[in-house]
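Step one of this worksheet: look at the structure below.
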Amino acid sequence: MLIDIHGQHAHQSLLRADAQRAILDGHAGLAPAASELAGAWKEWQRLARARAEFETNAAARTAERESVAFQVDELKKLAPKPGEWDAVSAEQSRLAHAASLIGGAQAAVDALAESETAASGAISAAVSRLRGLVDYDAALAEPLGLLEGAAAQIDEAVHALRHYADRVDLDPPRLAEAERRVEALHAAARRFRTRPEALAELTERLEARLAELAVAANLDEIERQEAAARARYDERAGRLTAQRSSAAAKLGREVTAAMKELAMAGGRFAAVLRPLEGGSAHGNESVEFLVAANPGQEPRPLAKVASGGELSRISLAIQVITSKAAAVPTMIFDEVDSGIGGAVAEIVGRKLGVLGRERQVLCVTHLAQVAAQADHQWSVSKAAVNGRVRSRVDVLGDEARVEELARMLGGTRITPTTRKHAAEMLALRAR
(Lines give C-alpha, C1' and ligand atoms only; values in the text may rest on other atoms or scores of the structure.)
Protein backbone atom coordinates (compact mmCIF):
# COMPACT_ATOMS: atom_id res chain seq x y z
CA MET A 1 0.00 0.00 0.00
CA LEU A 2 1.13 3.55 -0.74
CA ILE A 3 -1.28 5.65 1.34
CA ASP A 4 -2.90 5.09 4.74
CA ILE A 5 -5.89 7.35 5.42
CA HIS A 6 -7.03 8.02 8.99
CA GLY A 7 -10.38 9.84 8.94
CA GLN A 8 -11.80 12.03 11.64
CA HIS A 9 -14.18 9.23 12.57
CA ALA A 10 -11.49 6.54 12.59
CA HIS A 11 -12.00 6.09 16.32
CA GLN A 12 -15.57 4.92 15.61
CA SER A 13 -14.31 1.95 13.61
CA LEU A 14 -11.86 1.24 16.44
CA LEU A 15 -14.86 0.47 18.63
CA ARG A 16 -15.70 -2.62 16.56
CA ALA A 17 -14.29 -5.94 17.71
CA ASP A 18 -13.38 -7.03 14.19
CA ALA A 19 -11.45 -3.79 13.63
CA GLN A 20 -9.54 -4.26 16.89
CA ARG A 21 -8.59 -7.82 15.92
CA ALA A 22 -7.50 -6.63 12.46
CA ILE A 23 -5.33 -3.88 13.99
CA LEU A 24 -3.58 -6.33 16.30
CA ASP A 25 -3.01 -8.88 13.52
CA GLY A 26 -1.84 -6.23 11.09
CA HIS A 27 0.54 -4.66 13.60
CA ALA A 28 2.06 -8.04 14.42
CA GLY A 29 2.21 -9.26 10.82
CA LEU A 30 -0.27 -12.04 11.57
CA ALA A 31 -2.71 -11.33 8.72
CA PRO A 32 -1.42 -14.23 6.54
CA ALA A 33 -1.66 -16.66 9.48
CA ALA A 34 -5.19 -15.41 10.23
CA SER A 35 -6.15 -15.94 6.59
CA GLU A 36 -4.80 -19.52 6.64
CA LEU A 37 -6.73 -20.14 9.85
CA ALA A 38 -9.93 -18.89 8.22
CA GLY A 39 -9.39 -21.40 5.41
CA ALA A 40 -8.84 -24.22 7.91
CA TRP A 41 -12.03 -23.22 9.75
CA LYS A 42 -14.00 -23.18 6.51
CA GLU A 43 -12.82 -26.68 5.57
CA TRP A 44 -13.54 -28.04 9.04
CA GLN A 45 -17.05 -26.57 9.05
CA ARG A 46 -17.72 -27.91 5.55
CA LEU A 47 -16.88 -31.44 6.65
CA ALA A 48 -18.84 -31.03 9.89
CA ARG A 49 -21.89 -30.01 7.85
CA ALA A 50 -21.35 -32.97 5.51
CA ARG A 51 -21.24 -35.36 8.46
CA ALA A 52 -24.35 -33.80 10.04
CA GLU A 53 -26.16 -33.91 6.71
CA PHE A 54 -25.21 -37.53 6.29
CA GLU A 55 -26.57 -38.40 9.71
CA THR A 56 -29.77 -36.45 9.07
CA ASN A 57 -30.38 -37.64 5.51
CA ALA A 58 -28.98 -41.16 5.74
CA ALA A 59 -32.32 -42.76 4.84
CA ALA A 60 -32.88 -40.50 1.84
CA ARG A 61 -29.33 -41.08 0.61
CA THR A 62 -29.69 -44.84 0.98
CA ALA A 63 -32.92 -44.76 -1.00
CA GLU A 64 -31.31 -42.67 -3.73
CA ARG A 65 -28.30 -44.98 -3.85
CA GLU A 66 -30.53 -48.04 -4.26
CA SER A 67 -32.55 -46.34 -6.99
CA VAL A 68 -29.48 -45.21 -8.92
CA ALA A 69 -27.85 -48.64 -8.52
CA PHE A 70 -30.99 -50.30 -9.98
CA GLN A 71 -30.97 -47.91 -12.94
CA VAL A 72 -27.26 -48.46 -13.56
CA ASP A 73 -27.76 -52.23 -13.46
CA GLU A 74 -30.60 -52.02 -16.00
CA LEU A 75 -28.58 -49.83 -18.34
CA LYS A 76 -25.50 -52.01 -18.06
CA LYS A 77 -27.58 -55.00 -19.14
CA LEU A 78 -28.73 -53.00 -22.17
CA ALA A 79 -25.17 -51.68 -22.73
CA PRO A 80 -26.01 -48.75 -25.02
CA LYS A 81 -23.04 -47.36 -26.94
CA PRO A 82 -22.42 -43.82 -28.17
CA GLY A 83 -23.78 -43.47 -31.72
CA GLU A 84 -25.43 -46.89 -31.61
CA TRP A 85 -28.98 -45.62 -32.06
CA ASP A 86 -28.30 -43.94 -35.40
CA ALA A 87 -26.44 -46.98 -36.71
CA VAL A 88 -28.93 -49.66 -35.64
CA SER A 89 -32.02 -47.71 -36.70
CA ALA A 90 -30.48 -47.13 -40.15
CA GLU A 91 -29.64 -50.85 -40.44
CA GLN A 92 -33.14 -51.86 -39.38
CA SER A 93 -34.69 -49.56 -41.95
CA ARG A 94 -32.45 -50.94 -44.69
CA LEU A 95 -33.09 -54.60 -43.81
CA ALA A 96 -36.85 -54.04 -43.48
CA HIS A 97 -37.00 -52.68 -47.02
CA ALA A 98 -34.42 -55.02 -48.57
CA ALA A 99 -36.88 -56.67 -50.99
CA SER A 100 -38.17 -53.35 -52.18
CA LEU A 101 -34.63 -51.99 -52.52
CA ILE A 102 -33.47 -55.01 -54.58
CA GLY A 103 -36.59 -54.95 -56.74
CA GLY A 104 -36.30 -51.24 -57.37
CA ALA A 105 -32.65 -51.50 -58.36
CA GLN A 106 -33.37 -54.42 -60.73
CA ALA A 107 -36.31 -52.62 -62.32
CA ALA A 108 -34.10 -49.64 -62.97
CA VAL A 109 -31.47 -51.88 -64.60
CA ASP A 110 -34.14 -53.44 -66.82
CA ALA A 111 -35.45 -50.06 -67.91
CA LEU A 112 -32.01 -48.75 -68.66
CA ALA A 113 -30.26 -51.75 -70.23
CA GLU A 114 -31.97 -55.15 -70.29
CA SER A 115 -35.52 -54.78 -71.61
CA GLU A 116 -36.45 -54.67 -75.32
CA THR A 117 -37.25 -50.98 -74.94
CA ALA A 118 -34.22 -50.18 -72.71
CA ALA A 119 -33.02 -46.61 -72.75
CA SER A 120 -29.42 -47.56 -73.49
CA GLY A 121 -30.43 -49.34 -76.75
CA ALA A 122 -32.54 -46.39 -77.93
CA ILE A 123 -29.78 -43.91 -77.18
CA SER A 124 -27.18 -46.14 -78.91
CA ALA A 125 -29.37 -46.27 -82.01
CA ALA A 126 -29.76 -42.52 -82.05
CA VAL A 127 -26.02 -42.01 -81.63
CA SER A 128 -25.27 -44.38 -84.58
CA ARG A 129 -27.71 -42.52 -86.87
CA LEU A 130 -26.42 -39.08 -85.97
CA ARG A 131 -22.80 -40.09 -86.47
CA GLY A 132 -23.63 -40.89 -90.13
CA LEU A 133 -25.20 -37.45 -90.57
CA VAL A 134 -22.86 -35.13 -88.69
CA ASP A 135 -20.50 -35.01 -91.68
CA TYR A 136 -23.26 -33.29 -93.67
CA ASP A 137 -24.16 -30.73 -91.00
CA ALA A 138 -21.81 -29.77 -88.15
CA ALA A 139 -24.77 -28.42 -86.18
CA LEU A 140 -25.57 -32.01 -85.17
CA ALA A 141 -22.26 -32.31 -83.31
CA GLU A 142 -23.55 -30.74 -80.13
CA PRO A 143 -26.64 -32.95 -79.64
CA LEU A 144 -24.53 -35.95 -80.65
CA GLY A 145 -22.04 -35.17 -77.89
CA LEU A 146 -24.84 -34.86 -75.33
CA LEU A 147 -26.29 -38.23 -76.32
CA GLU A 148 -22.86 -39.88 -76.17
CA GLY A 149 -22.41 -38.48 -72.64
CA ALA A 150 -25.86 -39.73 -71.66
CA ALA A 151 -25.00 -43.18 -72.92
CA ALA A 152 -21.84 -43.23 -70.83
CA GLN A 153 -23.71 -42.05 -67.71
CA ILE A 154 -26.38 -44.72 -68.22
CA ASP A 155 -23.70 -47.38 -68.44
CA GLU A 156 -22.18 -46.14 -65.13
CA ALA A 157 -25.61 -46.05 -63.47
CA VAL A 158 -26.38 -49.60 -64.60
CA HIS A 159 -23.05 -50.82 -63.23
CA ALA A 160 -23.67 -49.11 -59.84
CA LEU A 161 -27.24 -50.48 -59.58
CA ARG A 162 -26.11 -54.06 -60.29
CA HIS A 163 -23.37 -53.71 -57.65
CA TYR A 164 -25.92 -52.32 -55.14
CA ALA A 165 -28.38 -55.14 -55.81
CA ASP A 166 -25.65 -57.72 -55.25
CA ARG A 167 -24.80 -56.19 -51.85
CA VAL A 168 -28.33 -55.91 -50.45
CA ASP A 169 -29.23 -59.21 -48.80
CA LEU A 170 -32.53 -60.53 -47.63
CA ASP A 171 -31.43 -61.45 -44.04
CA PRO A 172 -34.52 -62.12 -41.91
CA PRO A 173 -32.53 -63.23 -38.82
CA ARG A 174 -30.41 -60.07 -38.87
CA LEU A 175 -33.52 -57.95 -39.47
CA ALA A 176 -35.23 -59.54 -36.46
CA GLU A 177 -32.15 -58.90 -34.35
CA ALA A 178 -31.99 -55.24 -35.41
CA GLU A 179 -35.70 -54.78 -34.74
CA ARG A 180 -35.31 -56.28 -31.25
CA ARG A 181 -32.42 -53.90 -30.54
CA VAL A 182 -34.37 -50.86 -31.77
CA GLU A 183 -37.33 -51.84 -29.62
CA ALA A 184 -35.12 -52.42 -26.58
CA LEU A 185 -33.51 -48.99 -26.95
CA HIS A 186 -36.94 -47.40 -27.48
CA ALA A 187 -38.36 -49.07 -24.38
CA ALA A 188 -35.39 -48.04 -22.23
CA ALA A 189 -35.64 -44.45 -23.46
CA ARG A 190 -39.33 -44.36 -22.48
CA ARG A 191 -38.59 -45.91 -19.10
CA PHE A 192 -35.77 -43.48 -18.29
CA ARG A 193 -37.57 -40.52 -19.88
CA THR A 194 -34.86 -39.64 -22.33
CA ARG A 195 -34.07 -39.97 -26.03
CA PRO A 196 -32.72 -43.29 -27.38
CA GLU A 197 -29.54 -41.60 -28.60
CA ALA A 198 -28.90 -40.20 -25.06
CA LEU A 199 -28.92 -43.55 -23.24
CA ALA A 200 -25.10 -43.99 -23.32
CA GLU A 201 -24.57 -40.52 -21.81
CA LEU A 202 -27.24 -41.21 -19.16
CA THR A 203 -25.41 -44.39 -18.18
CA GLU A 204 -22.19 -42.44 -17.59
CA ARG A 205 -23.98 -39.80 -15.48
CA LEU A 206 -25.72 -42.37 -13.30
CA GLU A 207 -22.49 -44.32 -12.77
CA ALA A 208 -20.75 -41.09 -11.66
CA ARG A 209 -23.60 -40.27 -9.26
CA LEU A 210 -23.51 -43.80 -7.84
CA ALA A 211 -19.78 -43.37 -7.17
CA GLU A 212 -20.46 -40.08 -5.36
CA LEU A 213 -23.13 -41.67 -3.23
CA ALA A 214 -20.83 -44.58 -2.41
CA VAL A 215 -18.20 -42.14 -1.08
CA ALA A 216 -20.79 -40.09 0.79
CA ALA A 217 -22.15 -43.23 2.36
CA ASN A 218 -18.86 -43.89 4.10
CA LEU A 219 -19.51 -42.24 7.47
CA ASP A 220 -16.20 -43.44 8.88
CA GLU A 221 -14.31 -41.67 6.10
CA ILE A 222 -16.27 -38.45 6.60
CA GLU A 223 -15.59 -38.52 10.33
CA ARG A 224 -11.91 -39.19 9.70
CA GLN A 225 -11.65 -36.22 7.34
CA GLU A 226 -13.54 -34.01 9.79
CA ALA A 227 -11.24 -34.98 12.65
CA ALA A 228 -8.17 -34.26 10.52
CA ALA A 229 -9.57 -30.85 9.55
CA ARG A 230 -10.35 -30.09 13.20
CA ALA A 231 -6.78 -31.01 14.16
CA ARG A 232 -5.37 -28.70 11.48
CA TYR A 233 -7.56 -25.88 12.74
CA ASP A 234 -6.65 -26.47 16.39
CA GLU A 235 -2.93 -26.52 15.60
CA ARG A 236 -3.06 -23.25 13.64
CA ALA A 237 -5.44 -21.61 16.10
CA GLY A 238 -3.18 -22.51 19.04
CA ARG A 239 -0.14 -21.11 17.29
CA LEU A 240 -2.01 -17.90 16.37
CA THR A 241 -3.24 -17.48 19.97
CA ALA A 242 0.35 -17.61 21.24
CA GLN A 243 1.49 -15.09 18.63
CA ARG A 244 -1.43 -12.78 19.39
CA SER A 245 -0.75 -12.96 23.12
CA SER A 246 2.82 -11.80 22.62
CA ALA A 247 1.76 -9.15 20.11
CA ALA A 248 -1.00 -7.87 22.43
CA ALA A 249 1.45 -7.32 25.28
CA LYS A 250 3.80 -5.41 22.99
CA LEU A 251 1.00 -3.30 21.52
CA GLY A 252 -0.20 -2.47 25.04
CA ARG A 253 3.22 -1.17 26.03
CA GLU A 254 3.69 0.86 22.86
CA VAL A 255 0.26 2.51 22.90
CA THR A 256 0.53 3.24 26.64
CA ALA A 257 3.83 5.03 25.99
CA ALA A 258 2.26 6.99 23.14
CA MET A 259 -0.69 8.00 25.37
CA LYS A 260 1.71 9.46 27.91
CA GLU A 261 3.32 11.52 25.15
CA LEU A 262 -0.16 12.79 24.25
CA ALA A 263 -0.70 14.27 27.73
CA MET A 264 -2.43 11.20 29.17
CA ALA A 265 0.05 10.52 31.95
CA GLY A 266 -1.04 7.55 34.02
CA GLY A 267 -3.20 6.25 31.21
CA ARG A 268 -2.96 2.60 30.26
CA PHE A 269 -3.85 0.62 27.18
CA ALA A 270 -4.26 -3.14 26.86
CA ALA A 271 -5.25 -5.51 24.08
CA VAL A 272 -7.02 -8.39 25.80
CA LEU A 273 -7.74 -11.81 24.29
CA ARG A 274 -11.16 -13.23 25.23
CA PRO A 275 -11.51 -17.02 24.75
CA LEU A 276 -14.26 -18.13 22.36
CA GLU A 277 -15.84 -21.49 23.11
CA GLY A 278 -15.69 -23.65 20.02
CA GLY A 279 -13.48 -21.19 18.15
CA SER A 280 -14.37 -19.18 15.07
CA ALA A 281 -13.07 -18.39 11.61
CA HIS A 282 -10.81 -15.81 13.27
CA GLY A 283 -9.38 -18.06 15.98
CA ASN A 284 -10.03 -19.23 19.51
CA GLU A 285 -10.36 -15.72 20.90
CA SER A 286 -11.80 -12.29 20.28
CA VAL A 287 -9.67 -9.17 20.72
CA GLU A 288 -10.82 -6.30 22.90
CA PHE A 289 -9.04 -2.99 23.47
CA LEU A 290 -9.19 -1.77 27.09
CA VAL A 291 -8.07 1.67 28.25
CA ALA A 292 -7.74 3.64 31.47
CA ALA A 293 -7.52 7.34 30.63
CA ASN A 294 -6.49 8.47 34.11
CA PRO A 295 -4.32 7.11 36.96
CA GLY A 296 -6.10 4.77 39.35
CA GLN A 297 -8.81 3.79 36.88
CA GLU A 298 -9.42 0.22 35.89
CA PRO A 299 -9.06 -0.36 32.16
CA ARG A 300 -12.42 -0.41 30.45
CA PRO A 301 -13.52 -1.30 26.91
CA LEU A 302 -12.56 1.39 24.44
CA ALA A 303 -16.23 1.77 23.54
CA LYS A 304 -16.99 3.01 27.07
CA VAL A 305 -14.45 5.86 27.11
CA ALA A 306 -16.69 8.89 27.57
CA SER A 307 -14.51 11.83 26.55
CA GLY A 308 -14.36 12.51 22.83
CA GLY A 309 -11.01 14.23 23.24
CA GLU A 310 -9.54 11.29 25.11
CA LEU A 311 -10.89 8.87 22.54
CA SER A 312 -9.37 10.96 19.74
CA ARG A 313 -5.95 10.93 21.42
CA ILE A 314 -6.12 7.20 22.13
CA SER A 315 -7.16 6.63 18.52
CA LEU A 316 -4.25 8.75 17.32
CA ALA A 317 -1.83 6.84 19.56
CA ILE A 318 -3.04 3.51 18.19
CA GLN A 319 -2.90 4.78 14.60
CA VAL A 320 0.61 6.17 14.99
CA ILE A 321 1.93 2.96 16.56
CA THR A 322 0.27 0.59 14.12
CA SER A 323 1.13 2.75 11.11
CA LYS A 324 4.81 2.49 12.01
CA ALA A 325 4.58 -1.27 11.72
CA ALA A 326 2.77 -1.06 8.40
CA ALA A 327 5.61 1.00 6.86
CA VAL A 328 3.19 2.87 4.58
CA PRO A 329 5.16 5.74 2.99
CA THR A 330 2.33 8.31 3.08
CA MET A 331 -0.17 8.89 5.89
CA ILE A 332 -3.17 11.18 5.76
CA PHE A 333 -4.83 12.32 9.01
CA ASP A 334 -8.20 13.93 8.38
CA GLU A 335 -9.10 15.95 11.50
CA VAL A 336 -8.11 13.20 13.90
CA ASP A 337 -7.48 16.01 16.40
CA SER A 338 -11.19 16.79 16.76
CA GLY A 339 -12.32 17.31 20.34
CA ILE A 340 -8.97 18.53 21.66
CA GLY A 341 -7.27 21.90 21.96
CA GLY A 342 -4.70 24.00 23.78
CA ALA A 343 -1.57 22.28 25.05
CA VAL A 344 -2.88 18.84 24.10
CA ALA A 345 -3.30 19.98 20.49
CA GLU A 346 0.31 21.17 20.49
CA ILE A 347 1.47 17.77 21.74
CA VAL A 348 -0.60 16.06 19.03
CA GLY A 349 1.04 18.31 16.46
CA ARG A 350 4.49 17.44 17.76
CA LYS A 351 3.65 13.73 17.62
CA LEU A 352 2.62 14.08 14.00
CA GLY A 353 5.81 16.05 13.36
CA VAL A 354 7.95 13.25 14.78
CA LEU A 355 6.09 10.77 12.60
CA GLY A 356 6.72 13.07 9.65
CA ARG A 357 10.45 12.53 10.00
CA GLU A 358 9.97 8.87 9.09
CA ARG A 359 7.41 9.23 6.29
CA GLN A 360 5.24 11.76 4.51
CA VAL A 361 2.37 12.98 6.69
CA LEU A 362 -0.55 15.05 5.46
CA CYS A 363 -2.87 16.43 8.14
CA VAL A 364 -6.18 18.22 7.67
CA THR A 365 -6.72 20.36 10.76
CA HIS A 366 -8.48 23.48 12.06
CA LEU A 367 -6.11 23.79 15.03
CA ALA A 368 -3.29 26.31 14.79
CA GLN A 369 -1.30 24.35 17.40
CA VAL A 370 -1.26 21.33 15.08
CA ALA A 371 -0.68 23.26 11.83
CA ALA A 372 2.27 25.17 13.35
CA GLN A 373 4.19 21.89 13.80
CA ALA A 374 4.19 21.10 10.06
CA ASP A 375 7.11 21.61 7.70
CA HIS A 376 4.78 23.03 5.06
CA GLN A 377 1.28 24.46 5.21
CA TRP A 378 -1.39 24.72 2.56
CA SER A 379 -4.64 26.66 2.77
CA VAL A 380 -7.72 24.99 1.31
CA SER A 381 -10.79 27.12 0.61
CA LYS A 382 -14.02 27.06 -1.38
CA ALA A 383 -15.65 29.91 -3.27
CA ALA A 384 -18.50 30.44 -5.73
CA VAL A 385 -17.22 31.41 -9.18
CA ASN A 386 -19.77 32.11 -11.93
CA GLY A 387 -22.39 30.10 -10.08
CA ARG A 388 -20.14 27.09 -9.50
CA VAL A 389 -18.34 26.12 -6.29
CA ARG A 390 -14.60 25.73 -6.75
CA SER A 391 -11.94 24.47 -4.34
CA ARG A 392 -8.65 26.30 -4.11
CA VAL A 393 -5.33 25.19 -2.60
CA ASP A 394 -2.64 27.76 -1.83
CA VAL A 395 0.90 26.91 -0.72
CA LEU A 396 1.70 29.36 2.07
CA GLY A 397 5.00 31.15 2.41
CA ASP A 398 6.35 32.41 5.74
CA GLU A 399 4.27 35.61 5.90
CA ALA A 400 1.13 33.98 4.54
CA ARG A 401 1.57 31.17 7.02
CA VAL A 402 1.69 33.60 9.97
CA GLU A 403 -1.47 35.22 8.62
CA GLU A 404 -3.26 31.87 8.26
CA LEU A 405 -2.26 30.70 11.75
CA ALA A 406 -3.45 34.01 13.16
CA ARG A 407 -6.79 33.50 11.40
CA MET A 408 -7.03 29.98 12.86
CA LEU A 409 -6.30 31.42 16.31
CA GLY A 410 -8.43 34.56 16.18
CA GLY A 411 -11.22 33.86 13.75
CA THR A 412 -12.44 36.56 11.38
CA ARG A 413 -10.83 39.44 13.34
CA ILE A 414 -7.04 39.23 13.22
CA THR A 415 -5.15 41.49 15.62
CA PRO A 416 -1.46 42.25 16.04
CA THR A 417 -1.56 40.07 19.14
CA THR A 418 -2.80 37.04 17.25
CA ARG A 419 -0.21 37.63 14.53
CA LYS A 420 2.50 37.83 17.19
CA HIS A 421 1.22 34.63 18.78
CA ALA A 422 1.25 32.89 15.41
CA ALA A 423 4.81 34.03 14.71
CA GLU A 424 5.92 32.80 18.14
CA MET A 425 4.39 29.39 17.48
CA LEU A 426 6.35 29.05 14.25
CA ALA A 427 9.53 30.28 15.92
CA LEU A 428 9.15 27.75 18.73
CA ARG A 429 8.57 25.00 16.21
CA ALA A 430 11.72 26.00 14.31
CA ARG A 431 13.80 25.86 17.48
Side-chain angles (χ1 to χ4, degrees), residues 1-14 19 23 26-27 251 253-265 267 269 289 291 293 302 305 307-380 393-398 400-409 421-431:
M1 302 292 290
L2 299 177
I3 298 175
D4 197 2
I5 302 176
H6 301 273
Q8 58 182 313
H9 301 297
H11 58 275
Q12 295 180 3
S13 64
L14 284 175
I23 287 172
H27 179 58
L251 182 63
R253 292 191 299 270
E254 291 175 338
V255 175
T256 297
M259 288 170 59
K260 292 178 180 178
E261 294 177 7
L262 292 171
M264 298 183 72
F269 174 88
F289 288 171
V291 66
L302 193 62
V305 175
S307 168
E310 291 174 344
L311 188 55
S312 295
R313 278 181 283 166
I314 295 167
S315 171
L316 179 60
I318 294 172
Q319 291 164 8
V320 168
I321 295 300
T322 55
S323 294
K324 284 182 179 180
V328 178
T330 298
M331 300 171 63
I332 299 176
F333 292 92
D334 182 13
E335 299 191 44
V336 294
D337 49 16
S338 60
I340 61 176
V344 174
E346 183 176 349
I347 294 172
V348 168
R350 290 177 184 172
K351 191 68 177 175
L352 292 172
V354 171
L355 191 60
R357 297 173 194 166
E358 302 176 1
R359 61 204 65 195
Q360 179 171 260
V361 174
L362 297 162
C363 180
V364 181
T365 181
H366 289 94
L367 297 179
Q369 295 91 334
V370 174
Q373 301 297 322
D375 296 313
H376 308 282
Q377 188 172 350
W378 300 346
S379 173
V380 183
V393 181
D394 292 303
V395 180
L396 304 181
D398 292 341
R401 190 171 182 186
V402 170
E403 203 67 18
E404 177 64 14
L405 288 174
R407 186 196 63 76
M408 296 171 75
L409 286 168
H421 188 188
E424 288 176 349
M425 292 173 68
L426 286 176
L428 287 171
R429 185 261 174 197
R431 288 201 297 271

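To the nearest 0.5 Å, the span separating CG on L251 from CD1 on I321 amounts to 8.0 Å. Here CG of D394 is found 11.5 Å from CD of Q377. Values are rounded to the nearest 0.5 Å. The structure places CE of M425 at 12.0 Å from CZ of R429, a figure rounded to the nearest 0.5 Å. If you take CG on L352 and CD1 on I347, they are separated by 12.0 Å, rounding to the nearest 0.5 Å.
T365 and M408 get closest at one heavy-atom pair: O-CE, 3.9 Å. Among all heavy-atom pairs drawn from G267 and T256, the shortest one is O-CG2, 3.4 Å. Taking both residues in full, the closest heavy atoms of A371 and L405 are given as CB-CD2, 3.8 Å, listed atom of the first, atom of the second, then distance. Taking each heavy atom of A422 and A406 in turn, the nearest pair found is CB-N, 3.7 Å. Residues L396 and S379 approach most closely at CD2-CB, 3.9 Å, considering heavy atoms.
Side-chain contact between R357 and V354 is present, with at least one heavy-atom pair separated by less than 4.5 Å. Contact check for L355 versus F333: side-chain heavy atoms found under the 4.5 Å cut-off. No side-chain heavy atom of F289 sits under 4.5 Å from any side-chain heavy atom of V255.
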Run the side chain to side chain contact (heavy atoms under 4.5 Å, CB included) test on F269 and I318 for me, step by step, so that the C-alpha distance in whole Å, both residues' side-chain angles and the decisive distance to 0.1 Å come before the verdict. CA-CA 9 Å; F269 174 88; I318 294 172; 3.6 Å; yes
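Checking side-chain atoms of R359 against main-chain N and O of T330 turns up no donor-acceptor pair under 3.5 Å.
Evaluation of the salt bridge (Lys or Arg N to Asp or Glu O under 4.0 Å) rule for E403 yields R419 as partners, not counting sequence neighbours. Residues meeting the salt bridge (Lys or Arg N to Asp or Glu O under 4.0 Å) test with D398, sequence neighbours left out: none.
Taking a cutoff of 4.0 Å between a charged side-chain nitrogen and a carboxylate oxygen, E404 and R401 do not qualify as a salt bridge.
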